[in-house]
Amino acid sequence: MADQKLPTRAEDFSEWYNQLVTRAELADYAPVRGCMIVRPYGWALWENITAQLDRRFKATGHVNAAFPMLIPRSFIDKEKSHVAGFSPELAVVTHGGGEELEEPLVIRPTSETIIGWAYSKWIQSYRDLPVLINQWNSVVRWELRTKLFLRTLEFFWQEGHTAHATQEEAEAETRQMLDTYTDFAMKEAAVPVIPGKKSDAERFAGADRTYSIEAMMGDGKALQAGTSHNLGQNFAKAFEIKYLDKTGVQEFCWTTSWGLSTRFVGAIIMVHGDDQGLIFPPRLAPFQLVIVPIYKTDEEKASVMECARRLRAELVDADIRVKLDEREGSSPGFKFNDWEMRGVPLRMELGPKDVAKNSVVLARRDRPGKEGKTFVDQHGIAGAVSALLVEIQQALFDRALAFRKANTHEPADYAEFKQAVEKGFAFSWWCGNADCEANIKEETKATMRCIPLEQPGGSGKCIHCGQPATEKAIFAKAY
RNA sequence: CGGGGCGUAGCGCAGCCUGGUAGCGCGCCUGCCUUGGGCGCAGGAGGUCCGCGGUUCAAAUCCGCGCGCCCCGACCA
């Protein structure tokens, strides 16, 4: 690391992000352009994300499975909007075992097709429904412009794929999973999100309806943090996923798919991070608390370390994720900065004075400097730490929500609209016309992020064309 | 794919214009000293100067052709 200080977010948000990701050792660049190595610290965060999501999936009746990475090229061609959407970004395998393949294989960009193929075999009767399967895997899309976590050629995610007997059930599933993502984002990641419906232009290739959760990053731009698709009968028809209903009639299934990816790591970085570095929400942080021991002499070291290990054991017993920084040769000051950059929500400073007084210093990551430091008695430390972690989690959410509100505007006219999307979200009436949407994108670079499920009601005039409108939409520049 | 920039130690860069012993900062290693907010001192290791070709007595430097990366535009979880 050449410089010790990061660029500030105001100076260069993009560079702040890039340096932070590599310096905090979340990820590194791979030898292939656009690919990412997720390092242990970044993967630990992702594991905590997956654990919380997986728990929710299981609680709603889903089961995990694994489908192959290689898909016959012809599968992609079976659903016409799907092929149109994905063809440009497919990685194709043409050779195997030294021979040219008879039929090229694509590396999955998503698994609707191969899962559709499987479902058509497995589903015969209404008694087989619903099928509720999820898989944790990675997929490949040949993106042109990449950025660690936010857009890489290969990314890690989960993709849920379900099949249902009726349209209503499929829609309910689609919405249930959108709610699941919303709940996860708000409660676990402390990321306030806006659940809503995508426009036709932004819809998934092959879906009837696409929903997403949208979050505002620290620079005011939007990030789609998760999506849920009602695929109607499009894939059922392409892959002949059919069942016999109670009356003995053959019907096509109604299917859904939904995904959340390592992109979410980028969201956590850009929502909570400050000029010092990362700030992880306690519920997902790889380390919730770091202990920095302070000592001069060998005697001091012995007593401080003994105390540190005792406190660590107590905290671990209380299921708190603790890191004891035992590195020799780095000063406490260095460690303070290092762990702040790495986003650990709470730091315990433990020196000879603290050992003597049976107390510790706890420093909150979300409140820099003296303001965030408190002296806490060693007795009952686990309770005190747990309580603080809960407070920090809430404070992060509150701060992110306040930021989003402060940077979300309801412009009165198109001139104000243009200003609004320069630095945040515009929440505006939209007539629903794709031409208006395209013109807005052309003229302002802002896209329609979603039509929030939560609507004010009533009606108004489209922010662009002035025609009557019944829905308000979020417009913003997006990642 | 179009426009712009850049490839020199792990990272960030200087040197190139005007050809002549490959340098600086940070990091790394060893030792001493320090440690309550990014310690200090001394010594040390580390190079295909992106690749190939050309010009020249001599190329990191000049010329040509490749390759790669970054930024900006069209596409995107």
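Numbered from 1 within each chain, the chains take letters A, B, ... in sequence-line order. Since the structure is predicted, the reported quantities are computational estimates derived from the model, not experimental observations.
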> Going by heavy atoms closer than 4.0 Å, what residues in residues 255-272 of chain A are next to RNA chain B?
Replying inline: A:Ser261, A:Arg263
> Would A:Lys441 and A:Glu202 pass as an ion pair if we require N to O under 4.0 Å?
Replying inline: no
> Does B:C1 have a Watson-Crick or wobble partner in any strand here, with both distances under 3.5 angstrom, and which is it?
Replying inline: B:G73
> Who does B:G68 pair with, Watson-Crick or G-U, both distances under 3.5 Å?
Replying inline: B:C6
>> Strictly by side-chain hydrogen bond (donor to acceptor under 3.5 Å, both in side chains), give each pair with a member in residues 261-274 of chain A just once, sequence neighbours left out.
In response: A:Asp274-A:Arg365
> For B:G38, which nucleotide in any strand shown is its Watson-Crick or wobble partner with both distances under 3.5 Å?
Replying inline: none
> Does a side-chain heavy-atom distance below 4.5 Å link A:Val344 with A:Phe280?
Replying inline: no
>> My understanding is that only residues two or more places apart in sequence, or in another chain, count here; which of them pass salt bridge (charged side-chain N to carboxylate O under 4.0 Å, His left out) with A:Arg399?
In response: none
Produce the list of close N/O pairs, under 3.5 Å, pairing protein atoms with atoms of nucleotides 66-73 of chain B; give distances to one decimal.
| from | atom 1 | to | atom 2 | distance (Å) |
| --- | --- | --- | --- | --- |
| B:C72 | OP2 | A:Arg145 | NH2 | 2.0 |
| B:G73 | OP2 | A:Arg145 | NH1 | 3.4 |

>> Could you identify the nucleotide paired to B:G53, looking across every strand shown and requiring Watson-Crick or G-U wobble geometry with both distances under 3.5 Å?
In response: B:C63
>> When you measure from the side chain of A:Tyr181 to the backbone of A:Gly259, do you find a donor-acceptor pair of N or O atoms at a distance under 3.5 Å?
In response: yes
>> Could you report the tightest heavy-atom contact between A:Ala267 and A:Leu223, atom names first, then the distance?
In response: CB-CD2, 3.5 Å
> Salt bridge between A:Lys197 and A:Glu471, side-chain N to carboxylate O under 4.0 Å?
Replying inline: no
>> If you take the centroid of each ring, where Trp contributes its six-membered ring, are A:Phe425 and A:Phe475 closer together than 6.0 Å?
In response: no
> On the ring face of A:Trp258, is A:Arg56 found with NZ or CZ under 6.0 Å from the centre and within 45° of the axis?
Replying inline: no
With 3.5 Å as the limit, what N/O pairs link the protein to nucleotides 31-36 of chain B?
| from | atom 1 | to | atom 2 | distance (Å) |
| --- | --- | --- | --- | --- |
| B:U35 | O4 | A:Lys296 | O | 3.2 |
| B:G36 | O6 | A:Pro352 | N | 3.3 |
| B:G36 | O6 | A:Lys353 | N | 2.9 |
| B:G36 | O6 | A:Asp354 | OD2 | 3.4 |
| B:G36 | N1 | A:Asp354 | OD2 | 2.4 |
| B:G36 | N2 | A:Asp354 | OD2 | 3.2 |

> So what does A:Arg327 hit on the nucleic acid, given a heavy-atom distance under 4.0 Å: a base, only sugar-phosphate, or nothing?
Replying inline: nothing
>> Please name the nucleotide paired to B:G43 by Watson-Crick or G-U wobble geometry with both distances under 3.5 Å, or report none.
In response: B:C29
>> So if I take residues 50-57 of chain A and measure heavy-atom distances to RNA chain B, which residues fall below 4.0 Å?
In response: none
